[in-house]
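Have a look at the structure below, then the notes.
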Amino acid sequence: MVMPRFVRPKEGDSESSPNLYVANCGPAVGLQFDTIVSAFSSFGEVKGVYAADESGARVIVSFLEPASAHSAFIALNGRPCPHLGGRSLHIRHSILQPPSSRGMASVPVSLNASDLNIPGLYFFHDFISAVEEEQLLQAVDTGSWISLSKRRVQHYGYKFCYDTRNVDTKQHLGALPSFVSFILERISLSPDIPEKLDLDQLTANEYPPGVGLSPHIDTHSAFEGLIFSLSLAGPCSMEFRRYTAGSWAPKTASISDTEVENPNSCSEVSRKAIYLPPRSMLLLSGEARCAWHHYIPHHKIDKVNETMIRRGSRRVSFTFRKVRRGPCQCEFPQYCDSQSQTWGGGFCCAT
């Protein structure tokens, strides 16, 4: 279901709106929506309460009548609300944004790869234990982090060059670190993994709260057909987008790789999403690896099955790949930099 979107009203239109934007109020500050409805219902019938943004600390309270909204504004703006634990609320009027001016709506977030029905996408809950997770975090933190615009990275085996979106196979950094040996062995022994590769490149990413990834496909010419991503420390949701060839291509990636892409003008896109808890392993292969953009929304809170889940103070991902030694000959030439001369960008490797 597409959630309503609200914006600040024009001057003079405030009192005609039945909607209020309420800050310092929401799940992130310990106030559930039913509690908020109960508190505001004393001023009139409440049609609904909606998240105003991804923070979880700002909501829209929508009344049936504008007079009810104005009464609540006069009574509660800047004052403690006794029905909400004495919390002081910061309120302004808001109006419903016309559908024609809205961006892309959010998509339902699944808990299992089978729900998405994307060929080549595999997902493994609890691929490692909590003890192993802590050992991995301690080990990677002894290494040297490289600061990008909004996140930090470490490269092992081969360094990924963000300006060229590729690797230099002549610059080998050495074998993968010993602290990931048990992960490589577990991958090689798993009967659920469709193909075995001698993985030789690892990128560790550290994401602070609210930082995600722009939509991208990992460069075909840089890496072979299996990409493994292990989530550590904190959760996030990941969205997958399949665009009609030529309908939209993301901007060329830069070294920062943090700009939020917004292809709102493209309607020919299939969008699906999955929730990635700590210690889970995601595998991209086949169509999922070669033809679907993957994207981490720049959120601090993810909505999963009507539950708001706050991301942790940090999220770390370990992405394992096999460096490609020749051109890619995949079945998706329209998305392949080895085969296509027309694709305009969007190939970057940052997961």
Side-chain angles (χ1 to χ4, degrees), residues 107-130 132-133 136 157 176 180-205 207 212-213 215-220 222-243 270-297 302 304-305 309 315-324 328-332 335-336 347-351:
V107 296
V109 179
S110 300
L111 300 177
N112 298 288
S114 57
D115 297 336
L116 274 60
N117 196 29
I118 299 177
L121 182 67
Y122 298 85
F123 185 62
F124 308 96
H125 289 275
D126 295 315
F127 192 80
I128 62 172
S129 68
E132 291 168 334
E133 176 188 35
L136 289 172
L176 297 189
V180 300
S181 296
F182 77 96
I183 301 175
L184 300 177
E185 181 180 8
R186 199 163 296 172
I187 289 173
S188 67
L189 296 177
S190 173
D192 299 315
I193 294 175
E195 179 185 351
K196 307 303 179 184
L197 287 178
D198 182 17
L199 301 170
D200 57 7
Q201 197 276 337
L202 165 63
T203 295
N205 283 274
Y207 302 90
L213 284 176
H216 69 280
I217 297 175
D218 286 37
T219 313
H220 286 205
F223 302 108
E224 295 283 355
L226 299 186
I227 297 175
F228 297 86
S229 182
L230 179 67
S231 294
L232 305 171
C236 75
S237 61
M238 177 176 284
E239 183 176 314
F240 298 89
R241 298 178 177 180
R242 177 74 188 268
Y243 296 92
S270 176
R271 301 169 62 215
K272 304 180 181 183
I274 192 169
Y275 177 65
L276 305 180
R279 300 182 293 280
S280 63
M281 177 73 84
L282 183 73
L283 167 59
L284 304 180
S285 66
E287 181 179 320
R289 182 265 186 269
C290 295
W292 287 76
H293 290 71
H294 55 282
Y295 158 57
I296 299 177
D302 294 294
V304 183
N305 290 341
I309 300 179
R315 174 180 177 266
V316 176
S317 69
F318 282 13
T319 303
F320 298 88
R321 290 161 287 219
K322 171 69 174 178
V323 172
R324 190 183 295 276
C328 177
Q329 299 295 331
C330 69
E331 300 176 4
F332 307 94
Y335 303 107
C336 181
F347 295 97
C348 64
C349 176
T351 303

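Below, all heavy atoms of this structure are taken into account, side chains as well, without hydrogens, waters or symmetry copies. Treat the numbers as computed from the prediction; the structure is a model and nothing was measured.
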Worksheet item: Is any side-chain heavy atom of L184 closer than 4.5 Å to a side-chain heavy atom of D198?
Response: no
Worksheet item: Is there side-chain contact between Y122 and I193, with heavy atoms separated by less than 4.5 Å?
Response: no
Worksheet entry | Heavy-atom pair of closest approach, residues Y295 and R241 | CE2-NH2, 3.1 Å
Worksheet entry | Side chains of F228 and M281 in contact at under 4.5 Å (non-hydrogen atoms) | yes
Worksheet item: Is a side-chain N or O of H220 found less than 3.5 angstrom from the main chain of C290, in a donor-acceptor match?
Response: yes
Worksheet item: Can you tell me if D218 uses its side chain to pair, donor with acceptor, with the backbone of I227 under 3.5 Å?
Response: no
Worksheet item: So which heavy atom on A273 is nearest to which on V107, and how close?
Response: CB-CG2, 3.6 Å
Worksheet entry | Option among I183, T319, I187 that satisfies the side-chain contact (heavy atoms from CB on, under 4.5 Å) test with L230 | I183
Worksheet item: Taking atom CD of E239 and atom CG of L116, what is their separation to the nearest 0.5 Å?
Response: 10.0 Å
Worksheet item: Just by distance, do the side chain of S110 and the backbone of N112 share a donor-acceptor pair under 3.5 Å?
Response: no
Discussion item. Determine whether a donor-acceptor pair (N or O, by modelled atom type, separation under 3.5 Å) exists between the side chain of K322 and the backbone of L197.
Written reply: no
Item to complete: Could you walk me through whether L121 and L282 pass side chain to side chain contact (heavy atoms under 4.5 Å, CB included), step by step?
Response: CA-CA 8 Å; L121 182 67; L282 183 73; 3.6 Å; yes
Worksheet item: Is the shortest heavy-atom distance from the side chain of F320 to the side chain of S229 under 4.5 Å?
Response: no
Worksheet entry | Heavy-atom side-chain proximity of I217 to F332 below 4.5 angstrom | no
Worksheet entry | For the student: nearest non-hydrogen atoms of V109 and I274, plus distance | CG1-C, 3.6 Å
Worksheet item: Can you find a heavy atom in the side chain of D126 that is under 4.5 Å from one in the side chain of I128?
Response: no
Fill in: Point-to-point distance, once rounded to the nearest 0.5 Å, from CG of L283 to CG of D192
10.5 Å
Practice prompt. Would you please indicate if the ring centroids of F123 and H125 are separated by under 6.0 Å?
Written response: yes
Discussion item. Testing the basics here: between N117 and K272, what is the closest heavy-atom pair and its distance to 0.1 Å?
Written reply: O-NZ, 3.7 Å
Worksheet item: With distance as the sole test, does T219 use its side chain to make a donor-acceptor pair with the main-chain N or O of A222 at under 3.5 Å?
Response: no
Item to complete: Find out whether L232 and P278 are in side-chain contact, i.e. whether some heavy atom of one side chain is under 4.5 Å from a heavy atom of the other.
Response: no
Discussion item. Test your reading of the model: is there a side-chain donor-acceptor pair from R324 to the backbone of F223, 3.5 Å cut-off?
Written reply: yes
Discussion item. Centroid separation under 6.0 Å, is that true for the rings of H293 and Y243?
Written reply: yes
Practice prompt. Mind listing the closest non-hydrogen atom pair of R315 and S231 along with its distance?
Written response: NH2-OG, 2.8 Å
Item to complete: Kindly give the heavy-atom pair with the smallest separation between I296 and S237, and that separation in Å.
Response: CG2-O, 3.8 Å
Fill in: Listed once per pair and sorted, the side-chain hydrogen bond (donor to acceptor under 3.5 Å, both in side chains) pairs that draw on residues 281-291, sequence neighbours left out
R242-E287, E287-W292
Worksheet item: Any side-chain heavy-atom pair from F124 and S280 closer than 4.5 angstrom?
Response: no
Fill in: Pairwise distance CD(E185) to OG(S190) - rounded to 0.5 angstrom
12.0 Å
Worksheet entry | R321 with E224: basic N within carboxylate O range, under 4.0 Å | no
